[in-house]
There are 2 protein chains.
Amino acid sequence: MERRQFIARAGTAGAAIASVAAPAIAQTGAPEIRWRIASSYPKSLTSIYGAMDMATKRIAELTAGRFNVSLHAAGELVPPLGVLDAVEGGTVEAGHSASYFYIGKDPAFGFHTALPFGLGLRAQNAWLYEGGGGALVDEFLAPYGVMVLPLGNTGAQMAGWYRKEIKNAADLKGLKMRIGGLGGLVLSKLGLVAQQLAAGDLYTALEKGTIDAAEFVGPLDDEKLGLHKVAKYYYFPGWWEGSASLALFINRKAWAALPAQYQAAMKVAAAEANQWLTAKYDTENPQALRRLVAGGAQLRSFPKEVTQAAFLAANELYAEMSGKSPGFRKIYAQWSKFRSEQVMWQQFCDLPFDNMMAGLLRTKT
Amino acid sequence: MERRQFIARAGTAGAAIASVAAPAIAQTGAPEIRWRIASSYPKSLTSIYGAMDMATKRIAELTAGRFNVSLHAAGELVPPLGVLDAVEGGTVEAGHSASYFYIGKDPAFGFHTALPFGLGLRAQNAWLYEGGGGALVDEFLAPYGVMVLPLGNTGAQMAGWYRKEIKNAADLKGLKMRIGGLGGLVLSKLGLVAQQLAAGDLYTALEKGTIDAAEFVGPLDDEKLGLHKVAKYYYFPGWWEGSASLALFINRKAWAALPAQYQAAMKVAAAEANQWLTAKYDTENPQALRRLVAGGAQLRSFPKEVTQAAFLAANELYAEMSGKSPGFRKIYAQWSKFRSEQVMWQQFCDLPFDNMMAGLLRTKT
């Protein structure tokens with residue numbers, strides 16, 4: 001009522017007043033909108049859950065609280081791995097998850113997060129924001145009625161905790177390891193037995209020997225699980241996750257109903273949180289790693305023989321997936337060219353700088 | 001008048017209506033504010049200038065145009081290197097520049113951008129956003145009446161163009177090179193003659209032999225200057241800029257006068273642009289590098305002997321600067337510990353992943 005009266009008066013008062021008043025009308029017209037975001041992660045993961053939490057607060061701040069986005073931890077509204085379905089079905093307007101949790105629906109869900117021997121953090125961000133990846137992924141997601149914004153990247157992950165050392169590819173045969181997604185499929189080709197277990201069950205499973213190895217994220221998050229006490233060999237790099245983008249899945253209809261100003265607030269808050277999460281990990285991981293080593297963790301790198309065998313197995317897997325999934329085939333063709341260019345570029349850019357610094361400082365853990 | 005009437009009516013109608021109307025009042029009260037940002041960069045640098053341009057547009061979008069920030073290219077309002085003074089003096093509310101342009105005032109201005117043998121991109125972002133660097137830099141800047149937000153990072157830069165190959169440290173003696181800032185000071189200790197020239201003058205200076213070498217940024221920006229035609233040896237890595245953060249300097253009084261909502265809009269837009277610039281460079285640099293190589297550029301890495309000599313010279317320089325500048329001494333103490341931790345962490349994180357990928361793909365330029 002108030003607004004209608006105001007517009008009527010401005011109209012009577014003539015053009016000069018109307019033009020001054022216009023922005024105020026636009027602001028007054030900003031609707032109050034409430035969204036619920038379901039997370040696949042628990043509050044205890046201050047890193048990943050923290051990034052989404054930061055973004056929801058930023059959105060409120062940017063819209064003077066009129067776009068009110070509430071965040072719900074794993075299981076609060078829907079099961080952790082039911083987030084995509086909930087967004088698709090409109091149970092929630094958005095969800096914070098990892099796209100590769102859903103490769104059971106289509107292997108093309110892998111690209112937004114990580115593929116084994118895929119893109120490092122720099123390349124993944126470049127691909128999603130400027131290299132055509134964002135558009136390809138959204139095109140693939142359109143039939144599901146969802147779109148995605150990157151929200152948080154872990155950087156290269158560690159390769160997990162092992163009760164025994166891995167000295168060659170034969171040591172993987174029969175190894176019972178908690179590893180999901182595409183990494184698990186690659187390792188299965190080398191004879192490993194991939195298992196799915198909740199993070200909270202890993203300690204006991206390793207202690208009892210139900211499993212021989214388990215991977216999670218990196219020092220900061222891994223430390224909370226205490227796995228170094230029951231499986232002391234801590235391997236790197238996590239070649240199945242050279243970086244991992246977390247996903248803010250958004251229901252397309254809900255998105256289309258948002259004013260442009262709120263869409264911008266959500267986009268920019270997601271981008272800020274994406275960068276922040278990496279900064280948080282890089283700031284806190286070194287100290288967490290030192291604490292783990294002081295607590296008995298033994299750092300090991302995968303022997304070249306193992307990574308080379310895994311690389312061949314990954315390429316074989318991608319050929320199979322390209323044959324089965326048109327979505328995978330289309331994205332893989334563009335993605336693998338992009339990857340080659342990035343690997344080439346890194347050899348003249350940050351890689352020689354970082355290697356030089358490692359040589360000059362020779363810092364020990 | 002309109003607003004006063006509205007508040008009066010809401011007051012009469014009682015608490016229930018007032019609480020619904022409150023956010024609308026807050027929005028209507030959002031003031032129209034105009035700021036001018038002076039850039040140190042020309043519009044032709046679609047990378048660096050483009051990042052600031054993107055941020056100004058995002059700020060307008062987030063505030064429905066009520067916070068109107070206009071961007072002015074180098075020289076339009078103030079000279080390129082007069083940006084910090086203009087922000088300090090209040091000629092403009094903010095400026096997009098690089099902090100290390102101002103090391104003549106105090107060497108501590110170097111930290112926000114880059115120090116030779118300093119932080120790579122991941123570490124620099126971590127330091128500024130989460131590792132205490134942002135607060136230390138702002139504390140140092142307070143007496144100048146300015147604060148800073150990171151806005152754009154180039155990643156590791158190339159080490160520039162040379163008419164002759166650099167085979168050992170002796171080849172640097174007497175070499176006339178266009179290189180500014182701290183990199184120039186380090187190389188001067190090794191006998192190089194550092195020169196200051198505008199980017200537009202480099203081609204002619206190299207062609208005539210007035211200078212023997214020149215550094216700028218990386219493939220995408222360097223290509224525009226055409227230097228590969230007059231100095232074919234293209235060196236890497238740019239060890240004096242393992243990453244370089246660009247700076248949005250803001251006048252503190254102007255900042256304090258902004259509504260919190262506009263401060264948030266500026267912060268988040270700067271963070272988004274910071275990440276975007278790296279993505280743009282990483283997407284476009286590989287192709288620019290291929291074009292340069294096709295055009296005759298010959299890629300060379302600095303011999304270890306040279307970088308080791310330069311590293312010792314840099315440490316010597318930092319000791320001198322710590323003796324002269326309390327600001328430098330304070331930041332350097334924290335920064336150098338942070339650097340050690342980051343170099344350690346990278347050896348278990350992205351560095352082995354990136355090296356593994358380089359080995360597996362063996363892509364050629």
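What you see below is based on every heavy atom in this structure, not just the backbone, and it leaves out hydrogens, waters and symmetry mates. In the text below, chain A, chain B and the rest are named by the order of the sequence lines, each starting its count at 1. Because the structure is a prediction, the values reported are computed rather than measured.
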Open item on the list: Measuring from atom SG of B:Cys349 to atom CG of A:Leu289, what distance do you get when rounded to the nearest 0.5 angstrom?
Closed with: 10.0 Å
Task: Chi angles and distances behind the side-chain hydrogen bond (donor to acceptor under 3.5 Å, both in side chains) call for A:Gln275, B:Asn274 - done: CA-CA 9 Å; A:Gln275 181 171 249; B:Asn274 192 62; 3.0 Å; yes
TODO: State, to 0.1 Å, how close A:Ala358 and B:Leu351 come at their nearest heavy-atom pair, and which atoms those are.
DONE: CB-CD2, 4.1 Å
Open item on the list: Looking only at heavy atoms and a cut-off of under 4.5 Å, which of B:Leu121, B:Asn285, B:Thr307 has the most pairs with chain A?
Closed with: B:Asn285
Task: Interface moiety of B:Met158 toward chain A, non-hydrogen atoms closer than 4.5 Å - done: side chain
- [ ] Report yes or no: does B:Glu61 contribute a side-chain atom to a donor-acceptor pair with the main-chain N or O of A:Ala264 at less than 3.5 Å?
- [x] no
Task: For the student: nearest non-hydrogen atoms of B:Phe311 and A:Leu361, plus distance - done: CZ-CD2, 3.7 Å
Open item on the list: Any non-hydrogen side-chain atom of B:Met357 less than 4.5 Å from a side-chain atom of A:Arg339?
Closed with: yes
Open item on the list: Does any backbone or side-chain atom of B:Phe117 lie under 4.5 Å from a heavy atom of chain A? Answer side chain, backbone, both or neither.
Closed with: both
Open item on the list: side-chain contact (heavy atoms from CB on, under 4.5 Å) for B:Gln308 and A:Leu360? Distances and angles first, verdict last.
Closed with: CA-CA 7 Å; B:Gln308 276 174 331; A:Leu360 288 170; 3.8 Å; yes
Task: Shortest non-hydrogen separation from A:Phe353 to B:Ala156 and the atoms involved - done: CB-CB, 4.3 Å
Open item on the list: So for B:Arg122, is it side chain, backbone, both, or neither that comes closer than 4.5 Å to the heavy atoms of chain A?
Closed with: both
Task: Euclidean distance, A:Asp282 CG relative to B:Gln124 CD, rounded to 0.5 Å - done: 12.5 Å
Open item on the list: Working to the nearest 0.5 angstrom, can you tell me the gap between A:Asn125 CG and B:Lys280 NZ?
Closed with: 16.0 Å
Open item on the list: Which heavy atom of A:Arg290 sits nearest to which heavy atom of B:Glu341, and what is that distance?
Closed with: NH2-OE2, 2.6 Å
Open item on the list: Return the CG to CG distance between A:Asp354 and B:Asp354, rounded to the nearest 0.5 Å.
Closed with: 8.0 Å
- [ ] List the atom of B:Met344, the atom of A:Pro286, and the distance in Å for their closest heavy-atom pair.
- [x] CE-O, 3.7 Å
TODO: Heavy-atom pairs under 4.5 Å with chain B are the metric here; pick the option from A:Gln157, A:Gln346, A:Gln342 that has the most.
DONE: A:Gln342
Task: Closest-packed option against chain A by number of heavy-atom pairs under 4.5 Å, given B:Ala123, B:Gly131, B:Gly242, B:Gly238 - done: B:Gly242
Open item on the list: How close do B:Pro352 and A:Phe236 get, counting heavy atoms only, and between which atoms?
Closed with: CG-CD1, 3.7 Å
Task: Sidechain N-carboxylate O distance under 4.0 Å for B:Lys267, A:Glu272 - done: no
TODO: Find out whether B:Ser301 and A:Phe348 are in side-chain contact, i.e. whether some heavy atom of one side chain is under 4.5 Å from a heavy atom of the other.
DONE: no
Open item on the list: Is B:Thr278 in contact with chain A via its backbone, its side chain, both, or neither, using a 4.5 Å heavy-atom distance?
Closed with: side chain
TODO: Counting only heavy atoms closer than 4.5 Å, note whether B:Tyr234 contacts chain A via side chain, backbone, both or neither.
DONE: neither
- [ ] Measure B:Leu128 against the heavy atoms of chain A and call it side chain, backbone, both or neither at under 4.5 Å.
- [x] neither
Open item on the list: Given heavy-atom pairs under 4.5 angstrom as the criterion, report whether the side chain, backbone, both or neither of A:Phe338 touches chain B.
Closed with: side chain
